[in-house]
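Keep in mind that the numbers below use all heavy atoms, side chains included, and drop hydrogens, waters and symmetry copies. Just so you know, ligand 1 is whichever comes first in the structure, and atom 1 is the first atom listed for that ligand.
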Amino acid sequence: MKRIWIDTDTASDDAVAILMALRWPDEEIIIEGITTVSGNVSLEECTRNALYTIELCGKQVPVYQGAGKPLVREAVFGYFFHGPDGMGGMNYPSPKLEIEENHAVNALIDAIRANPNEFILVTLGPLTNIALALSIAPDLAEKIPMCYVMGGAAATLGNITPAAEFNIYVDPEAAKMVFHSGLPLTMVGWELCRGEANLDDEDIKSVLAMDTVYSKFTVDCNRQAIQTNREWLGEPMLPLPDPITMAIALDSSICTKKGKYYVTVDVESEVTRGMTVVDERGVLEKDANVTVCWAIDVPRWKEALYKTLR
Ligand code: BDR
Ligand code: CA
């Protein structure tokens, strides 16, 4: 039985990742808590979208609201990609579920300290909450067996800039702190979440043909993402980076090639702000701190998603 804590800037692909985790067989995983962070949309909208998704799945999970902005920089949002509400402009009704009173960072610290080495962490947004938690409680780094990070671009194929992926770009100082905290990390970079890993027109047709509330939700809330991806990156398909990361956290065999390297994050230059620099050949002779996933089994990833949508 896996126990999972999710940290998320909930917009459309985060919502699908949360749905996957909630609809994964109950005997295999428990979602212990969800913390929200400013990123794709404002903190309040992220929290609302997370609550809506949990309600849609008919589940109860404690949701804690976290950081409303990056550690030292101004917020950067992704409305252009995920739509004015982060959910493709679907304007879903307000959820009835309510957030917990505790701040996300305190909730995370308390939960991990009460259950050392029991939870894995899956981060789907900027790493602000995790950096704050580690700066207050550095011992957490030894009490979390693995943190799966959707973020970075190991092959330097950025999306928000040529060098950087959105989650790391938004709060590079937080990412750098987390990467060098001693917390065991598996990085699922942007380059794994495009091309044939995207849902193409046929995949989307077969998802819609499942005709469930979950399959419809997956396509509906991502409709702006599909359109923007086509117009902006020239890919006529739906990228799902957060669900791919969740799939790897749920079934590690979906990552078919990985290695552990020294990885750092650029916080100095504007051109390469948030770039994840991987010392693949070990030329710096520094201790490896991050496991980088280089390849995924695409049919297995898609089947992991589909089984939660049927
Ligand atoms: C990441 O940024 C956000 O747009 C997505 O939710 C994902 O976490 C991809 O770069
Ligand atoms: Ca996200």
Side-chain angles (χ1 to χ4, degrees), residues 5-21 34-43 45-50 52-53 63 66-67 70 75-88 104 121-130 147-172 174-175 178 186-195 197-199 218 221-229 232-233 235 237-249 265 273-276 293 296 305:
W5 192 286
I6 303 171
D7 189 72
T8 162
D9 58 337
T10 316
S12 53
D13 70 318
D14 300 70
V16 178
I18 294 171
L19 180 154
M20 275 183 85
I34 295 182
T35 40
T36 58
V37 63
S38 170
N40 285 319
V41 290
S42 75
L43 178 65
E45 288 164 315
C46 292
T47 306
R48 185 179 186 278
N49 294 338
Y52 180 81
T53 307
V63 175
V76 176
F77 299 114
Y79 291 102
F80 76 103
F81 193 80
H82 295 280
D85 52 359
M87 301 294 269
L121 201 56
V122 182
T123 69
L124 307 174
L127 289 164
T128 322
N129 285 339
I130 314 303
C147 172
Y148 292 87
V149 174
M150 189 298 117
T156 322
L157 182 73
N159 55 8
I160 192 77
T161 70
E165 176 281 331
F166 180 83
N167 289 339
I168 306 297
Y169 175 87
V170 169
D171 198 344
V178 172
T186 295
M187 184 172 118
V188 180
W190 162 250
E191 68 280 353
L192 299 174
C193 311
R194 58 187 296 272
N198 290 3
L199 300 196
T218 294
C221 74
N222 278 292
R223 60 188 190 167
Q224 172 82 36
I226 296 170
Q227 189 187 332
T228 311
N229 203 40
W232 178 49
L233 295 178
E235 293 197 18
M237 303 172 195
L238 172 60
L240 290 170
D242 293 341
I244 289 177
T245 307
M246 185 60 74
I248 293 170
V265 178
R273 161 182 170 177
M275 180 173 168
T276 46
C293 177
I296 62 167
L305 169 68

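Between the side chains of Asn40 and Asp14, at least one donor-acceptor pair of N or O atoms lies under 3.5 Å.
Close approach to Asn159 involves these atoms of ligand 1, each under 4.0 Å from a residue heavy atom: 9 (C), 10 (O). Distances below 4.0 Å separate heavy atoms of Phe166 from the following atoms of ligand 1: 2 (O), 3 (C), 10 (O). Atom numbering of ligand 1 starts at 1 in the shown order; those under 4.0 Å from a heavy atom of Met150 are 1 (C), 7 (C), 8 (O), 9 (C). Set against the non-hydrogen atoms of Asp14, the atoms of ligand 1 under 4.0 Å away are 6 (O).
For the Ca ion (ligand 2), the nearest N, O or S atom contributed by Asp9 is named OD1. Asp242 has its closest N, O or S atom to the Ca ion (ligand 2) at the position named OD2.
If you run side chain to side chain donor-acceptor pair (under 3.5 Å) between Asp7 and each of Thr128, Thr36, Asn129, only Asn129 comes through. Shown are Asn167, Leu192, Thr123, Ile244; of these, the side chain to side chain contact (heavy atoms under 4.5 Å, CB included) with Met150 is made only by Asn167.
Ranking the protein heavy atoms by distance from atom 5 (C) of ligand 1 puts Asp13 OD1, 3.2 Å first. The closest protein non-hydrogen atom to atom 9 (C) of ligand 1 is Glu165 OE2, 3.2 Å. Of the protein's non-hydrogen atoms, Asp242 OD1, 3.3 Å is the one closest to atom 7 (C) of ligand 1.
Some N or O of Asn40 is nearer than 3.5 Å to an N or O of ligand 1, by distance alone. Ligand 1 has an N or O atom lying under 3.5 Å from an N or O atom of Asn167, backbone or side chain. Here's the thing with Leu124: one of its N/O atoms is less than 3.5 angstrom from an N/O atom of ligand 1.
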Tell me, with the steps shown, if Trp5 and Cys147 meet side-chain contact (heavy atoms from CB on, under 4.5 Å). CA-CA 9 Å; Trp5 192 286; Cys147 172; over 6 Å; no
Using the side-chain contact (heavy atoms from CB on, under 4.5 Å) rule, take Trp232 and Phe81 through it: C-alpha gap first, then chi angles, then the decisive distance, then the call. CA-CA 9 Å; Trp232 178 49; Phe81 193 80; 3.9 Å; yes
For Arg48 and Val41, what are the C-alpha separation, side-chain angles and deciding distance, and is it a side-chain contact (heavy atoms from CB on, under 4.5 Å)? CA-CA 11 Å; Arg48 185 179 186 278; Val41 290; over 6 Å; no
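Contact annotation: Asp14 places an N, O or S atom under 3.0 Å from the Ca ion (ligand 2). The Ca ion (ligand 2) does not have Gly125 among its coordinating residues (no N/O/S atom, backbone or side chain, under 3.0 Å).
Contact of the Asp13 side chain with the His82 side chain is registered, since non-hydrogen atoms from C-beta on lie closer than 4.5 Å. Between Pro126 and Tyr169 there is no side-chain heavy-atom pair separated by less than 4.5 Å.
Residue Pro241 places a heavy atom under 4.0 Å from ligand 1.
Note that the CD1 atom of Ile34 and the CG atom of Leu124 stand 9.0 Å from one another [nearest 0.5 Å]. We find the CG-CG distance between Asn49 and Asp9 to be 10.0 Å, quoted to the nearest 0.5 Å.
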